Number of protein chains: 2
Amino acid sequence: MGSPPDISLDRSSPVPLYFQVAAQLEHAIIDGALAPGARINNEIAMAAELGLSRPTMRQAIQVLVDKGMLVRKRGVGTQVVHGKIRRSVELTSLFDDLSAAGKRPRTEVLALDLIAATDEISSELQIAAGARVWSLERLRYVGDEPLAHMHNVLPAEVLDLSSVDLAQVGLYAALRQAGVLMRVARQRIGAKRAETREARLLHERRNAPLLTMQRTAYDDAGHAVEYGAHAYRPDLYAFELTLVDR
Amino acid sequence: MGSPPDISLDRSSPVPLYFQVAAQLEHAIIDGALAPGARINNEIAMAAELGLSRPTMRQAIQVLVDKGMLVRKRGVGTQVVHGKIRRSVELTSLFDDLSAAGKRPRTEVLALDLIAATDEISSELQIAAGARVWSLERLRYVGDEPLAHMHNVLPAEVLDLSSVDLAQVGLYAALRQAGVLMRVARQRIGAKRAETREARLLHERRNAPLLTMQRTAYDDAGHAVEYGAHAYRPDLYAFELTLVDR
DNA sequence: GTCAATACTTTGTCAGGACATATTGACGTA
DNA sequence: TACGTCAATATGTCCTGACAAAGTATTGAC
């Protein structure tokens with residue numbers, strides 16, 4: 001068994017105990033104090049050391065199992081996953097992703113219009129055909145190079161996009177600021193040829209391969225709040241994710 | 001509150017109670033007995049009706065929350081997610097996926113060799129350079145059309161691939177049959193141009209866009225058991241996934 | 001030395017209980 | 001009508017306790 005990392009709990013904090021433990025274990029893994037392949041102490045002993053109940057300890061460990069950082073085996077114990085963990089699948093925007101990766105994304109708003117939803121859009125967003133929606137077209141740059149061409153559609157009543165500085169704020173951050181809690185997204189990742197306009201926007205040749213993603217995002221009441229169709233330059237972007245089989 | 005679906009429990013079954021409940025709730029959602037947007041009964045009442053403890057009921061619901069089929073809100077209740085749920089992100093092979101989708105996948109093995117791991121392969125699989133690995137190259141068809149060109153590499157000691165009928169059995173099924181429990185995979189999805197040979201294999205034009213995926217899969221002890229590099233025809237395949245923000 | 005049985009270890013499942021927190025609706029007041 | 005307050009509702013967190021199941025180590029017999 002590995003020696004336990006230094007975990008301290010603040011019982012007066014509003015942050016749940018299980019979350020505090022999970023966060024500190026996660027740091028220990030990321031910092032290397034818990035090495036890949038290392039066995040951590042058993043959950044009964046750890047719970048006793050920290051003065052927690054076992055289900056609380058289990059819940060903390062489960063958070064990291066879900067992130068793919070720990071694996072558990074009945075009769076054996078819990079081990080740090082070998083190999084580099086990139087990130088779990090998360091419901092974040094490209095702006096959030098690039099920012100988190102230390103890249104300074106820059107956004108150019110190509111068009112923002114309040115339009116009537118087409119049949120396709122109304123079907124995706126499950127709203128009445130002809131309902132008012134924001135249609136937002138943007139280019140996202142990293143450095144001097146355009147990385148993504150993005151078209152997003154949102155029901156008008158979700159938020160007033162005209163009052164958001166979309167060159168500075170990612171779309172999802174704006175939704176969060178407006179109190180929209182996104183909980184579920186359906187996503188489809190594919191590839192296509194760059195058409196003439198899009199190729200020009202993305203500094204690629206016509207017919208160059210582009211990585212594509214369509215997404216419909218739903219809030220915590222289950223209402224569709226965004227439909228997006230994005231195209232990315234594959235030399236500048238890829239979807240990296242860690243899958244965990246429970 | 002919606003009326004509770006008809007849930008029956010077999011307490012003599014080895015299947016955990018929480019799993020039985022989750023499965024039946026899932027069927028109720030898929031069959032339409034629980035409509036999108038519908039509120040399900042509160043967890044305390046449901047636990048009482050089923051003669052379960054509340055944590056067990058919570059665990060069942062959590063399974064479906066993790067699958068993106070239910071959303072929970074404190075003070076309000078638990079609701080079926082609006083919108084069609086495709087599937088959660090799962091650690092499955094393309095063969096499994098296509099089979100589950102009712103498509104009859106056909107496989108053509110192009111090459112199977114026992115080779116010495118290159119530096120790149122040994123780095124990905126975290127094995128010694130020069131160690132023995134299986135190198136497997138295949139084409140996967142749906143109907144008469146090739147859908148994917150796949151190259152997979154596995155450490156030799158994981159299983160003996162030469163004794164597997166890879167035209168009939170998916171690679172992951174073979175690993176499972178050999179007792180390998182895959183738990184975590186790192187995946188990278190991108191796009192590229194089809195090179196000459198690959199284009200010919202996939203019945204595409206040279207330089208056509210292909211959807212790509214590289215994957216390293218780890219077993220439940222954290223050992224890398226597979227590295228794969230796949231290319232798909234984007235007209236025949238896309239990655240569809242449902243993200244859940246917990 | 002090998003193999004089978006047993007004991008030990010550790011996670012998985014389940015129960016019952018209590019309190020905290022967020023949400024919503026009803027009601028009262030200005 | 002609008003706003004504030006309060007109670008009811010429902011999930012979120014945490015605790016104690018017990019048994020089951022899977023994996024590993026140890027021991028004894030051959």
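All values reported here derive from a predicted model rather than from experimental measurement.
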What is the separation between atom [atom1] on [X] and atom [atom2] on [N], rounded to the nearest whole Å?
{"X": "A/Ile44", "N": "C/dC8", "atom1": "CD1", "atom2": "P", "result": "15 Å"}
{"X": "B/Leu70", "N": "D/dA10", "atom1": "CG", "atom2": "C1'", "result": "15 Å"}
{"X": "B/Asn41", "N": "D/dT11", "atom1": "CG", "atom2": "C1'", "result": "13 Å"}
{"X": "A/Ile40", "N": "C/dT10", "atom1": "CD1", "atom2": "P", "result": "12 Å"}
{"X": "B/Asn42", "N": "D/dG12", "atom1": "CG", "atom2": "C1'", "result": "14 Å"}
{"X": "B/Ile61", "N": "D/dG12", "atom1": "CD1", "atom2": "C1'", "result": "13 Å"}
{"X": "A/Gln62", "N": "C/dG12", "atom1": "CD", "atom2": "P", "result": "8 Å"}
{"X": "B/Lys73", "N": "C/dT21", "atom1": "NZ", "atom2": "P", "result": "19 Å"}

Worksheet item: What pairs with A/Glu120 under side-chain contact (heavy atoms from CB on, under 4.5 Å), at least two apart in sequence or on another chain?
Response: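 Here the qualifying residues are A/Thr118, A/Tyr227.
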
Worksheet entry | Nucleotide paired to C/dT11 in any strand shown, Watson-Crick or G-U, under 3.5 Å |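 Its partner is D/dA20.
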
Worksheet item: For A/Thr78 and C/dT11, is the shortest distance between a side-chain N/O and OP1 or OP2 below 4.0 Å?
Response: yes

Discussion item. Quick one about A/Gln79 and A/Arg72 (side-chain donor to acceptor, distance below 3.5 Å, no hydrogens or angles considered), yes or no?
Written reply: no

Worksheet item: How would nucleotides 13-19 of chain D be written as a contact map, 5' to 3', with B for base contact, S for sugar-phosphate-only contact and - for no contact, using protein heavy atoms under 4.0 Å?
Response: BSBB-B-

Worksheet item: In chain order, what residues pass the salt bridge (charged side-chain N to carboxylate O under 4.0 Å, His left out) check against A/Arg54, with sequence neighbours excluded?
Response: A/Glu43

Under 3.5 Å, side-chain donor or acceptor atoms of residues 9-19 of chain A against the rest of the protein: list the pairs with distances, not counting sequence neighbours.
| from | atom 1 | to | atom 2 | distance (Å) |
| --- | --- | --- | --- | --- |
| A/Asp10 | OD1 | A/Ser12 | N | 3.0 |
| A/Asp10 | OD1 | A/Ser12 | OG | 2.7 |
| A/Asp10 | OD1 | A/Ser13 | N | 3.4 |
| A/Arg11 | NH2 | A/Gly51 | O | 2.6 |
| A/Ser13 | OG | A/Val15 | N | 3.0 |

Worksheet, complete the sentence: Contacts satisfying salt bridge (Lys or Arg N to Asp or Glu O under 4.0 Å) that involve residues 19-31 of chain B (not counting sequence neighbours) are B/Glu26-B/Lys67

Discussion item. Going by salt bridge (Lys or Arg N to Asp or Glu O under 4.0 Å), name the pairs with one or both residues in residues 123-136 of chain B, residues two or more places apart or in two chains.
Written reply: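 Sorted pair list comes back empty.
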
